[in-house]
Structures are given as C-alpha cells and as structure tokens.
Amino acid sequence: MRVKCVICDKVENIDNESMIAKRLRNRPIHTYMCTECHDRIRDKTNARIESGNFRMYRSRPEKDEW
C-alpha cells in the first residue's frame with residue numbers, strides 16, 4: 001500500500017496486511033506520518049516538557065448533578 005506523509009509529503013510503501021494499513025483503509029480520518037517526522041515531533045515535544053514551558057491544557061470534566 002502506498003501512503004503519503006501528511007507533514008513532509010514523502011511517499012512510502014507499507015505492507016497491506018499491517019495494522020497501520022488496516023486503520024487507514026477502515027477509518028479514512030486517520031492519517032499517516034513517516035517515522036522521521038514522528039521521531040522529530042517526539043523529540044521536540046520531550047525537549048519542551050523538560051524545559052518547563054510545556055503545559056497540557058485539558059478540559060475539566062463537568063460534574064453531573066444527576
């Protein structure tokens with residue numbers, strides 16, 4: 001299966017029977033990201049977390065009075 005990275009537009013071939021290929025076929029909203037882009041984003045995120053300038057904004061769960 002030919003896939004294209006959403007960040008760098010690099011075209012790669014992946015196995016048709018792999019889990020990634022199955023997810024891409026069955027759920028078209030899922031996108032493919034190559035390993036180089038994935039590693040680069042992971043490294044930069046970890047560097048921001050270690051610097052202390054990274055905050056995870058999560059919505060607060062609404063308490064149900066029911």
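The hydrophobic cluster containing Ile29, built from Ile/Leu/Val/Met/Phe/Trp/Tyr side-chain heavy atoms closer than 4.5 Å, comprises no other residue.
Annotation: side chain to side chain contact (heavy atoms under 4.5 Å, CB included) contacts of Ile14 (sequence neighbours excluded): Met1, Val3, Ser18, Ile20, Ala21, Leu24, Tyr32.
Counting non-hydrogen atoms of neighbouring residues, nucleotides and ligands closer than 6.0 angstrom, the NE2 atom of His30 exceeds 12 such neighbours.
Applying the salt bridge (Lys or Arg N to Asp or Glu O under 4.0 Å) definition to pairs two or more places apart or across chains, those involving residues 25-40 are Lys10-Glu36, Asp39-Arg42.
Across every non-hydrogen atom of Cys34 and Cys5, the tightest pair is N-SG, 3.5 Å.
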